[in-house]
Amino acid sequence: MARISIKDLQKTFGAHRAVDGISLEIRDGEFLIIVGPSGCGKTTTLNMISGLERPTGGQIVIGDTLVNDLEPGERGLGMVFQDLALFPHMTVFENIAFGLRVKKMPDAEVRRRVAAAAAAVHIEALLEKFPRQCSGGESQRVALARTIVTDPSVFLMDEPLSSLDAKLRVDMRTELKSLHHRLGATFVYVTHDQAEAMTMADRIVVMSKGRIEQVGSPLDIYNRPATRFVAGFFGMPTMNFVEGAVVASGDRRSFRADDVEHPLPAAVPAALAGREAVLGVRSEHVLVGDGASLKGVAQLSEPLGDTTLVHFDIGKGRRLVAKVGPTAAIEPGEALTFQFAAEFCHLFDVHNGARLY
Ligand SMILES: Nc1ncnc2c1ncn2[C@@H]1O[C@H](COP(=O)(O)OP(=O)(O)O)[C@@H](O)[C@H]1O
Ligand SMILES: [Mg+2]
């Protein structure tokens, strides 16, 4: 079984808590992506799972075995790193075969396995080439094949696409996702790129400062972020945040900040009335134009082709961004009206950023 159970895992470097007590159940066969900003402890977490780094505290159980004291090679895991580290003097074939040769596997079996791994990542035609003759994308596939060939039940990947250019990275996302389907193995994948996490993961683990902020499916996390940090980390452009307060009149509750007033859903608990709060609204839920009563002044627009981003000011130094149709013509300096889509707002605690309902 390729289930991994992590309990209260910790790693300190001197006085610095790189991983500050994380607990997580990784399911057999899932594509789990750990995402967070640089320095939040992703690599350290992955390295403790693989055995490259020794935990300061906590437990890691793979299947039914406590692996804290097992060497990396005894854990049945396959690793793919950001730094590809292909052997330059060996052909692609021999690079892929390396792990099997070390185990003294018979040559016929090595050939069969290398052929299957190369086919899995579509590099059959590269086998006689040397790494220097391969493009970045091809090298990345060689590195993947080198891991696939050892037939691990768990793949650990640390930012494997980060050396590729933007277009290739997007193509490789699709390929990795389909590779995961075909292999049926557990993938534990680390990245700082929220779009990679959104597009590939079955479940996402969001980390910040050595701790887990939220675990959930991509759409859970996008539609119901547990904290202001998660809300701001996912989505392009970054979610709009407005500081203000929850006000109640009779049965109705709304959010108010100077000139901004927004009716809140009936589900907002009465106990929140009077509470200072941060309203979070994604750019696609800022509706500009017809019938809206809030006022702003356009500052600049960024056409993306399929949509256009309009940045506008609402006074007191507050700037919001709205995603509008590609043909909307809004000039800098132009007055506009807007409102927020009723059901798509998020309320967070001003101080600790926790979701308020
Ligand atoms: N060997 C080490 N010695 C000291 N500090 C380290 C070491 N490895 C990582 N760190 C620190 O631990 C924190 C988490 O690092 P890391 O897990 O590499 O983050 P991420 O992969 O999320 O960018 C960072 O502040 C980093 O500087
Ligand atoms: Mg890292």
Side-chain angles (χ1 to χ4, degrees), residues 4-24 26 31-60 62 67-69 71-72 75 77-86 136 139-140 143-144 146-147 154-166 168-169 172-173 176 186-201 203-216 218 221 225-236 238 353:
I4 302 176
S5 175
I6 295 170
K7 294 198 188 74
D8 197 25
L9 191 63
Q10 296 159 38
K11 180 72 185 180
T12 54
F13 294 107
H16 180 65
R17 293 167 187 261
V19 175
D20 194 10
I22 71 172
S23 297
L24 180 65
I26 303 174
F31 197 150
L32 182 100
I33 299 193
I34 301 176
V35 67
S38 178
C40 72
K42 305 179 297 293
T43 293
T44 306
T45 301
L46 201 71
N47 287 350
M48 287 193 281
I49 298 173
S50 70
L52 293 176
E53 200 82 75
R54 226 186 147 69
T56 310
Q59 294 185 336
I60 301 169
I62 300 178
V67 299
N68 284 40
D69 295 320
E71 293 299 318
R75 298 187 183 197
L77 309 170
M79 290 173 251
V80 184
F81 296 102
Q82 178 177 346
D83 164 17
L84 304 170
L86 298 178
S139 301
Q140 191 56 66
L144 272 171
R146 198 172 47 171
T147 304
V154 180
F155 284 71
L156 303 180
M157 305 193 205
D158 193 348
E159 313 241 8
L161 306 185
S162 61
S163 60
L164 306 181
D165 65 47
L168 199 51
R169 224 160 45 220
M172 283 299 288
R173 282 187 210 156
L176 276 175
T186 307
F187 278 24
V188 184
Y189 184 106
V190 160
T191 179
H192 66 277
D193 181 341
Q194 55 97 20
E196 255 173 43
M198 285 290 295
T199 49
M200 293 193 298
R203 285 194 308 155
I204 294 174
V205 177
V206 190
M207 282 185 73
S208 167
K209 298 181 181 155
R211 292 173 165 272
I212 292 178
E213 291 271 325
Q214 186 169 5
V215 181
I221 283 182
T227 63
R228 178 178 172 166
F229 173 85
V230 174
F233 191 77
F234 286 86
M236 282 291 279
T238 302

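Counting convention: from 1, in listed order, for ligands and their atoms alike. Values below: all heavy atoms of this structure, side chains included; hydrogens, waters and symmetry mates excluded. Start at 1 with the first residue, then count along the sequence.
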Engineer: Side chain, backbone, both or neither: which part of His16 comes within less than 4.0 Å of ligand 1 when only heavy atoms are counted?
Structural biologist: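 The answer is the side chain.
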Engineer: Does any non-hydrogen side-chain atom of Leu77 lie less than 4.5 Å from one of Pro72?
Structural biologist: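 Counting from C-beta outward, Pro72 and Leu77 never come under 4.5 Å.
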Engineer: Less than 4.5 Å apart, side chain to side chain, heavy atoms only: is that true for Leu86 and Arg146?
Structural biologist: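 A side-chain contact under 4.5 Å exists here.
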Engineer: Does an N or O anywhere in Thr45 fall below 3.5 Å from an N or O of ligand 1?
Structural biologist: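 In this structure, Thr45 places no N or O atom under 3.5 Å from an N or O of ligand 1.
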Engineer: For ligand 1, find out whether one of its N or O atoms is nearer than 3.5 Å to an N or O atom of Gly41.
Structural biologist: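 Yes; the residue has a nitrogen or oxygen that sits under 3.5 Å from a nitrogen or oxygen of the ligand.
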Engineer: To the nearest 0.1 Å, how far is atom 18 (O) of ligand 1 from its closest protein heavy atom, and which atom is that?
Structural biologist: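 The closest heavy atom on the protein side is Thr43 CB, 3.6 Å.
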Engineer: Which protein heavy atom lies closest to atom 15 (O) of ligand 1, and at what distance to 0.1 Å?
Structural biologist: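 Nearest neighbour among protein heavy atoms for atom 15 (O) of ligand 1, to 0.1 Å: Thr44 OG1, 3.7 Å.
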Engineer: Using 2.8 Å as the threshold, say whether any N, O or S atom from Thr43 sits that close to the Mg ion (ligand 2).
Structural biologist: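 So Thr43 counts as coordinating the Mg ion (ligand 2), yes.
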Engineer: Out of Ala18, Ser38, Gly14, Gly210, who is nearest to atom 12 (O) of ligand 1 when you count heavy atoms only?
Structural biologist: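 That would be Ala18.
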Engineer: Ring-plane angle category for Phe155 and Phe187, please: parallel below 30°, perpendicular beyond 60°, tilted otherwise.
Structural biologist: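 Geometry flag for Phe187 against Phe155: tilted rings.
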Engineer: Are any of the N/O atoms on Gly39, whether in the backbone or the side chain, positioned under 3.5 angstrom from an N/O atom of ligand 1?
Structural biologist: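 It does: an N or O of Gly39 is found under 3.5 Å from an N or O of ligand 1.
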Engineer: Is atom CZ of Arg17 surrounded by more than 12 heavy atoms (other residues, nucleotides or ligands) closer than 6.0 Å?
Structural biologist: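 Atom CZ in Arg17 is not packed in, count stays at 12 or less.
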Engineer: For a side-chain contact (heavy atoms from CB on, under 4.5 Å) check, start with the C-alpha distance between Leu144 and Met172, then their side-chain angles and the critical distance, and finish with the verdict.
Structural biologist: CA-CA 11 Å; Leu144 272 171; Met172 283 299 288; 4.0 Å; yes
Engineer: Do the side chains of Pro160 and Tyr189 get nearer than 4.5 Å, heavy atoms only?
Structural biologist: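 Yes, at least one pair of side-chain atoms sits under 4.5 Å.
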Engineer: Can you find a protein heavy atom under 4.0 Å from atom 9 (C) of ligand 1?
Structural biologist: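 So atom 9 (C) of ligand 1 has protein heavy-atom neighbours under 4.0 Å.
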Engineer: Taking the side chain as every heavy atom from C-beta outward, state whether Val80 and Gln140 have any pair of such atoms under 4.5 Å apart.
Structural biologist: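 SC-SC contact between Val80 and Gln140 confirmed.
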Engineer: Considering all protein heavy atoms, does one lie under 4.0 Å from atom 23 (O) of ligand 1?
Structural biologist: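 Within 4.0 Å of atom 23 (O) of ligand 1, protein heavy atoms are found.
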Engineer: Just wondering, do Thr45 and Val205 contact through their side chains at under 4.5 Å, heavy atoms?
Structural biologist: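 Not in contact.
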Engineer: Considering only non-hydrogen protein atoms, determine which one is nearest to atom 6 (C) of ligand 1 and report residue, atom name and distance to 0.1 Å.
Structural biologist: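 I find the closest protein heavy atom is Phe13 CD1, 3.3 Å.
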Engineer: Under 3.5 Å between some N or O of ligand 1 and some N or O of Glu53?
Structural biologist: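 No: no nitrogen or oxygen of Glu53 is under 3.5 Å from one in ligand 1.
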